[in-house]
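Just so we're on the same page: letters track the sequence lines, and every chain starts at 1.
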Amino acid sequence: MNDHDSPALLWAWRLAVVCRKELVQFFRNWILALFMLYSFTMMAYQNATAISRELKHAGLVVIDNDRSKTSRDLIYRFQEPRFQLIEQLENSREGVLRLDDGDAALVLDIPQNFGDDLMNGRHTQLQLQLDGADSARAYLAASYAERIVRQFSTETVRQQFADEPLPIVENDERVWFSPNHEETLFLAIQDLAQHIFLFSILLPASALAREKERGTVEQLLVSPLSPLQIMLGKIVPMVGIILLTSVLSLFLIIEGALALNVRGNIGLFLGVTALFSGAAAGLGIAIASLTRNMGQVGIVSITLMPILFMLSGSDTPPEMMPDALLPVMYLSPLHHYLNAAFGILIKGADITTVWDSILYMAILGGCVFAFSLLRFRQSFR
Amino acid sequence: MSLRRVAALAIKEVREITRDRLLFTLAFLLPPLMMVVIGFGVNTDVREIPIVVLDFDRTHSSRELAYKFRDSQYFDFVGYVEQERQIQRLITDNQARAAIVIPPKFHEQLRSGQPASVQTIIDGSIPPRAETVGGYVASVIASFSHRQVTDQLARTRGITPSAASALANPISLETRFLYNEAMTSRWAIGPGCIMTVLAFIPPILASVGVVREKESGSIDNVYSSTLTRPEFVLGKLIPYVLISSISFFVLFATTLLVFQVPFRGSPIAFSVTGILYVTCTTMMGIIISFFVRSQIAAVILAVLITLIPTLQYSGMIVPLSSLSDAGQIQARMLPASYFYEAIQASFLKGTGFAGLQQPIAALLVYSLVLYALCCLKFSKRPKS
């Protein structure tokens, strides 16, 4: 460098030098680099295809006290892939035992004279017992069973009054963006977001924690670098690598191996991803500036992660969140990122719709960034 | 195997851990905190689903249907819209999760006793949520429909409303949730958190504990000592299992005292299962540490191998029966799926020791296999 260079150019040059150092260090740790590649590709594929949030093969035990054509008709409605008829039993006590074992998810009890009662226009009641200990499955199973019984009931009424029109209101349901309840794209995006989040927090945090542990951070401090440059030197290369692997995951896995169609503008999505990754990296640096070694960084950031995953809104939407936790949810960059990512990739939203998520992320990122910078200046003065 | 050598290593390890006071405190303090946040935050009780109505009919009947959604605690009636385009915009912007389109002549058809149909549009971008929302919308419409049919039957047949109601809906379904009658989500999440926390804290502590020695080079002391491979693994294992077992009891107490989850099984058998489970996860951490050379790689591997699969494959969030065959195999390869069985048997079902035999046997085999692997994989003469 010579004296004729402008200060801005010098500043950028120095930043580039620390970024390069960080990249060299990252790629020398080839086990980590390989594992990162694996987690954004093969692991992403596995997670998107192996999991289903829907009800599948829920074990059904039927106690048919009626044994008529009508009762068999009803049982026949509980079909694969949602339900799996395990067996028919004689009494409901045995049914509860099957629930205890965990073999069965639900026990349907059909009363005596079920068919006769229906034929003669008498009211009849079915009993459904579910394994409430497996709450995820129990909720889904109850909801489907209710739909099936309701449909059966309506059809019975329609048959009985075949000659007389009735003012029945049909529900013509259309599910937008995923007409066949196709979950793969949702799962793939959720998984990608979680991986981006994990690496964006941990890579910069560990880069800083490692230097603190070994004492090489002193070398950085005596160099002509400003605290901002040191911080950016940790963040920029990592965000770059993460962005690269995300592009790989998007094209190779989501659009390639999984053959899913994404809507929306990919450029906008990548821009939002860069912002999110940067905000998360700021969080990582903040954690590293508050702790002393890698063990502490690991415990703090990994404990935060399930909290932020669960409060991201893909499991529990904001309107169902307890009031006390709603602010925590809005403080999570993952929540805003998922809103934007689902919006762009699944719903085809453009910037006029997702601008608020972008703004939130920018503000959150700015705040943690400012905080870390302040901490950084204090602790090394 | 010399117990003296094992004890010497274990004591040195305990000293090292307790000297990093911040780490030690965090390892005990953060998990219960995380448990409280998640336990009270994850809520499966549906309420206030934002919904809009597009009413082409604008009559008494259509307003009555809209009112059903307004009146329900499950829905938050955002308002009427004028065109289908607006529905698209509101759903894309997350301001509505469902929309009801009431066709023209809705009232006329119902009045003349003809069937009518309403269109419901559900936001399917998050499929499991679409499922729930669809179910609640369908039940409101069904109850409206039932009312119309009942009214007509009572009028035309001259029977009492209750008799007409039975005719209009001849089958009712009584649903009972066993073991957790009110479906308190805290009861399901709390014990699940024990499993989640103990899936990642022990492996992080253990793997960082070993890799730190590799990074600083102090592991050379071990390489040049008389310590044998099984002794080294055991000496590293014991302190971390001890710490994680204390953590297990803290979390166990939190579920009982803070979450007030009923415990119906055998506390001793459950504690044995818990200790076996942390032994397994600790050894996973030790195995990870033999493969990597840096602490960061250890932490990231621990998360990706233990935490994320545990969240997805243990059965807590996703029902095990809903996994694909490959997913089922993956689930069975994790200690968490066995521990989750023990959790269900002990907390809500109360099947006692009988329900725990299988998980205990599985975890015992699992930990023995891992121990053998650890001893085989650990080398006192590393290649580089």
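- Contacts of A/Leu130 with chain B are made by both backbone and side-chain atoms, with heavy-atom separations under 4.5 Å.
- Ion pairing of A/Arg82 with A/Glu54 is present here, as a side-chain N (NZ or NE/NH1/NH2) and a carboxylate O approach within less than 4.0 Å.
- The part of B/Leu153 that comes within reach of chain A is its side chain, from C-beta onward, which places non-hydrogen atoms under 4.5 angstrom from that chain.
- If you measure heavy-atom distances from A/Leu55 to chain B, the contacts under 4.5 Å come from the backbone alone.
- Within the 4.5 angstrom heavy-atom criterion, only side-chain atoms of B/Val303, from C-beta onward, approach chain A.
- Heavy atoms closer than 4.5 Å to chain A are found in both the backbone and the side chain of B/Leu301.
- Contact count versus chain A (heavy atoms, under 4.5 Å) is highest, among B/Ile171, B/Leu307, B/Val208, for B/Ile171.
- Heavy atoms closer than 4.5 Å to chain B are found in the backbone of A/Thr49, but not in its side chain.
- Chosen from A/Thr124, A/Leu32, A/Leu325, the residue pairing most often with chain B at heavy-atom distances under 4.5 Å is A/Thr124.
- Only the side chain of A/Asn29 comes within contact range of chain B, judged by heavy atoms closer than 4.5 Å.
- Other residues, nucleotides and ligands contribute only 12 or fewer heavy atoms inside 6.0 Å of the CG atom of B/Asp325.
- Residue contact with chain B, scored on non-hydrogen atoms closer than 4.5 Å, involves the side chain of A/Ile31 exclusively.
- Contact record, B/Leu167 with A/Gly121: CD2-O, 3.8 Å, taken as the closest heavy-atom pair.
- For B/Ser207, no part lies near chain A; criterion is any non-hydrogen pair under 4.5 Å.
- Looking at A/Ser39, only its side chain comes within 4.5 Å of chain B, counting heavy atoms on both sides.
- Using a 4.5 Å cut-off between heavy atoms, A/Asp117 does not touch chain B at all.
- Closest approach of B/Pro31 and B/Val197 over heavy atoms only: CB-CG1, 3.4 Å.
- Here the side chain of B/Gln295 pairs no donor or acceptor atom with the backbone of B/Val211 at under 3.5 angstrom.
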A/Asp172 and B/Ser117: CA distance, side-chain angles, deciding distance, side-chain hydrogen bond (donor to acceptor under 3.5 Å, both in side chains) verdict: CA-CA 7 Å; A/Asp172 171 19; B/Ser117 144; 4.7 Å; no
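- Among the candidates A/Met329, A/Met36, A/Gln46, A/Glu146, the residue making the largest number of heavy-atom pairs closer than 4.5 Å to chain B is A/Gln46.
- Neither the backbone nor the side chain of A/Leu187 comes within contact range of chain B; no heavy atom of the residue lies under 4.5 Å from a heavy atom of that chain.
- A donor-acceptor pair under 3.5 Å is formed between the side chain of B/Ser145 and the backbone N or O of A/Val169.
- No other option in A/Leu203, A/Val149, A/Ile189, A/Ile51 has as many heavy-atom pairs under 4.5 Å with chain B as A/Ile51.
- Both the backbone and the side chain of B/Leu323 come within contact range of chain A, judged by heavy atoms closer than 4.5 Å.
- Neither the backbone nor the side chain of B/Ile17 comes within contact range of chain A; no heavy atoms are under 4.5 Å apart.
- Using a 4.5 Å cut-off between heavy atoms, B/Arg97 touches chain A through its side chain atoms alone.
- Of the two parts of A/Leu118, only the side chain, counted from C-beta on, holds a non-hydrogen atom closer than 4.5 Å to a non-hydrogen atom of chain B.
- For the options B/Ile141, B/Asp93, B/Leu304, B/Leu110, heavy-atom pairs under 4.5 Å to chain A are most numerous at B/Leu304.
- By the 4.5 Å heavy-atom criterion applied to side chains, A/Leu128 and A/Val107 are not counted as neighbours.
- Neither the backbone nor the side chain of A/Val297 has a heavy atom closer than 4.5 Å to any heavy atom of chain B.
- When the candidates A/Gly295, A/Ser357, A/Ser143, A/Gly59 are compared by the number of heavy-atom contacts under 4.5 Å with chain B, A/Gly295 comes out ahead.
- Within the 4.5 angstrom heavy-atom criterion, atoms from both the backbone and the side chain of B/Ile122 approach chain A.
- Of all the listed residues (A/Ala58, A/Ser206, A/Ala145, A/Ser153), the one sharing the greatest number of non-hydrogen pairs under 4.5 Å with chain B is A/Ser153.
- A side-chain donor from one of A/Glu155 and A/Gln151 sits under 3.5 Å from a side-chain acceptor of the other.
- Residues B/Val133 and B/Ala98 approach most closely at CG1-CB, 3.9 Å, considering heavy atoms.
- Aromatic pair A/Phe342/A/Phe177: centroids not less than 6.0 angstrom apart.
- B/Tyr179 touches chain A through its side chain: at least one heavy atom from C-beta onward sits under 4.5 Å away, while N, CA, C and O do not.
- B/Leu22 touches chain A through backbone and side chain together, each having a heavy atom under 4.5 Å away.
- Salt bridge status for A/Asp131 with B/Lys349: present, with a side-chain N to carboxylate O gap under 4.0 Å.
- Side-chain contact between A/Phe83 and A/Ile148 is present, with heavy atoms from C-beta onward closer than 4.5 Å.
- Both the backbone and the side chain of A/Ala349 come within less than 4.5 Å of a heavy atom in chain B.
- At a 4.5 Å heavy-atom cutoff, the contact between B/Asp20 and chain A is made by side-chain atoms alone.
- In terms of modelled atom types and a separation under 3.5 Å, the side chain of A/Gln296 and the main chain of A/Arg292 share a donor-acceptor contact.
- Residue A/Gln194 touches chain B through its side chain alone, counting heavy-atom pairs closer than 4.5 Å.
- Contacts of B/Gln88 with chain A are made by both backbone and side-chain atoms, with heavy-atom separations under 4.5 Å.
- Contact annotation: the side chain of A/Arg137 approaches that of B/Ser321 to within less than 4.5 Å [non-hydrogen atoms, C-beta and beyond].
- When heavy atoms are compared at a cutoff of 4.5 Å, B/Tyr313 approaches chain A solely by way of its side chain, counted from C-beta outward.
- For chain B, the nearby part of A/Arg214 is the side chain; its heavy atoms alone come within less than 4.5 Å.
- Heavy-atom distances place no part of B/Gln109 under 4.5 Å from chain A, backbone and side chain included.
- Within the 4.5 Å cutoff, side-chain heavy atoms of A/Pro317 are placed close to those of B/Arg129.
- Heavy atoms closer than 4.5 Å to chain B are found in both the backbone and the side chain of A/Asn47.
- Listed options A/Asp100, A/Val157, A/Asp134, A/Ile346 were ranked by heavy-atom pairs under 4.5 angstrom with chain B; first place goes to A/Asp100.
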